[in-house]
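What you see is a predicted model, and the numbers here were worked out from it, not measured in a lab.
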Amino acid sequence: AHPAQAAGWIRSELYFAVGNEDGSDTVDEARWRDFLDREVTPRFPDGLTVLDGYGQWRFKDQGRLVRQRCKVLVVLHEDSAGRRNDIEAIRLAWKRASGHESVLWARQAVEVSF
């Protein structure tokens, strides 16, 4: 028996800031889970992965370094306009809910086997 393979798939990673190093702007687990249940799971009900992360980035205009906790959402999906729209809807929903300016989206082609 050979595993089922799929071509034309993408690995999308979304980076959601959930708390600054100084403890400000903190999103607790209940709020994150609610967002996941309302905005993400309905769009990707077949599966996803969430990782806890920590990173840093610099404000270009101010030169200020920001260190913060984040949630990294990993979704493997077909490369289609509909799925790209789902990702954009998730990003927009987080920006509205959190007041953050951005959600980083990194994507790459992948070969998957189930």
Side-chain angles (χ1 to χ4, degrees):
H2 297 283
Q5 294 184 341
W9 281 56
I10 298 292
R11 174 190 168 113
S12 285
E13 295 178 3
L14 300 174
Y15 294 77
F16 301 87
V18 295
N20 292 328
E21 188 175 57
D22 65 4
S24 64
D25 198 23
T26 300
V27 175
D28 65 18
E29 283 297 316
R31 185 171 166 205
W32 168 255
R33 180 70 58 154
D34 181 59
F35 176 80
L36 199 62
D37 290 346
R38 278 185 299 101
E39 301 292 343
V40 181
T41 302
R43 290 180 172 93
F44 294 97
D46 293 332
L48 54 92
T49 300
V50 176
L51 308 168
D52 288 316
Y54 178 83
Q56 64 184 39
W57 61 282
R58 184 177 308 276
F59 280 105
K60 276 187 175 181
D61 297 340
Q62 302 169 3
R64 181 171 57 97
L65 187 65
V66 175
R67 293 182 172 105
Q68 56 193 188
R69 292 181 307 103
C70 66
K71 297 287 188 181
V72 180
L73 172 66
V74 180
V75 183
L76 302 175
H77 58 87
E78 301 88 358
D79 187 13
S80 68
R83 288 305 190 186
R84 288 188 295 277
N85 290 339
D86 287 335
I87 296 286
E88 282 300 335
I90 291 166
R91 295 173 73 204
L92 181 60
W94 182 256
K95 289 188 276 187
R96 274 195 302 246
S98 68
H100 294 159
E101 293 181 14
S102 66
V103 174
L104 174 65
W105 178 10
R107 63 184 176 176
Q108 63 187 14
V110 294
E111 293 182 23
V112 298
S113 175
F114 299 99

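- The side-chain hydrogen bond (donor to acceptor under 3.5 Å, both in side chains) test with Gln68 singles out one residue from Trp57, Tyr15, Tyr54, and that residue is Trp57.
- Side-chain heavy atoms closer than 4.5 Å link hydrophobic residues (I, L, V, M, F, W, Y) into clusters, and following such links, possibly through other members, connects Leu36 to Trp105.
- Counting non-hydrogen atoms of other residues, nucleotides and ligands closer than 6.0 Å to CZ of Arg33 gives a total of 12 or fewer.
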Tell me, with the steps shown, if Asp34 and Arg31 meet salt bridge (Lys or Arg N to Asp or Glu O under 4.0 Å).
CA-CA 5 Å; Asp34 181 59; Arg31 185 171 166 205; over 6 Å; no
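- A continuous path of ILVMFWY side-chain contacts below 4.5 Å connects Leu104 to Val74, so both sit in one hydrophobic cluster.
- Nearest heavy atom pair, residue Arg43 against residue Ile90, reads CD-CG1, 3.8 Å.
- Considering all non-hydrogen atoms of both residues, Asp37 and Pro42 come closest at O-CD, 3.2 Å.
- Val50 and Val72 are not part of a single hydrophobic cluster, where members link through side-chain heavy atoms under 4.5 Å apart.
- With rounding to the nearest 0.5 Å, the separation of NZ in Lys71 from CG in Asp52 is 3.5 Å.
- Both Phe16 and Leu48 belong to a common hydrophobic cluster when Ile, Leu, Val, Met, Phe, Trp and Tyr are linked at side-chain heavy-atom distances under 4.5 angstrom.
- A distance of 4.5 Å separates NE2 in His77 from CD1 in Ile87, rounded to the nearest 0.5 Å.
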Walk me through it: do Arg69 and Val27 pass the test side chain to side chain contact (heavy atoms under 4.5 Å, CB included)?
CA-CA 10 Å; Arg69 292 181 307 103; Val27 175; over 6 Å; no
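- Aromatic ring orientation, Trp94 versus Trp32: perpendicular (interplanar angle above 60°, classes split at 30° and 60°).
- Grouping the Ile, Leu, Val, Met, Phe, Trp and Tyr side chains by contacts below 4.5 angstrom, directly or via other members, places Ile10 apart from Leu76.
- Judged as a salt bridge (charged side-chain N to carboxylate O under 4.0 Å, His left out), and not counting sequence neighbours, Arg107 has no contacts.
- Between Glu88 and Arg84 there is no salt bridge, since no side-chain N of the basic residue sits under 4.0 Å from a carboxylate O of the acidic one.
- Looking at Arg67, its side chain never comes within 3.5 Å of a backbone N or O of Gln56 through a donor-acceptor pair.
- In this structure a side-chain-to-backbone donor-acceptor pair under 3.5 Å is present from Arg91 to Val103.
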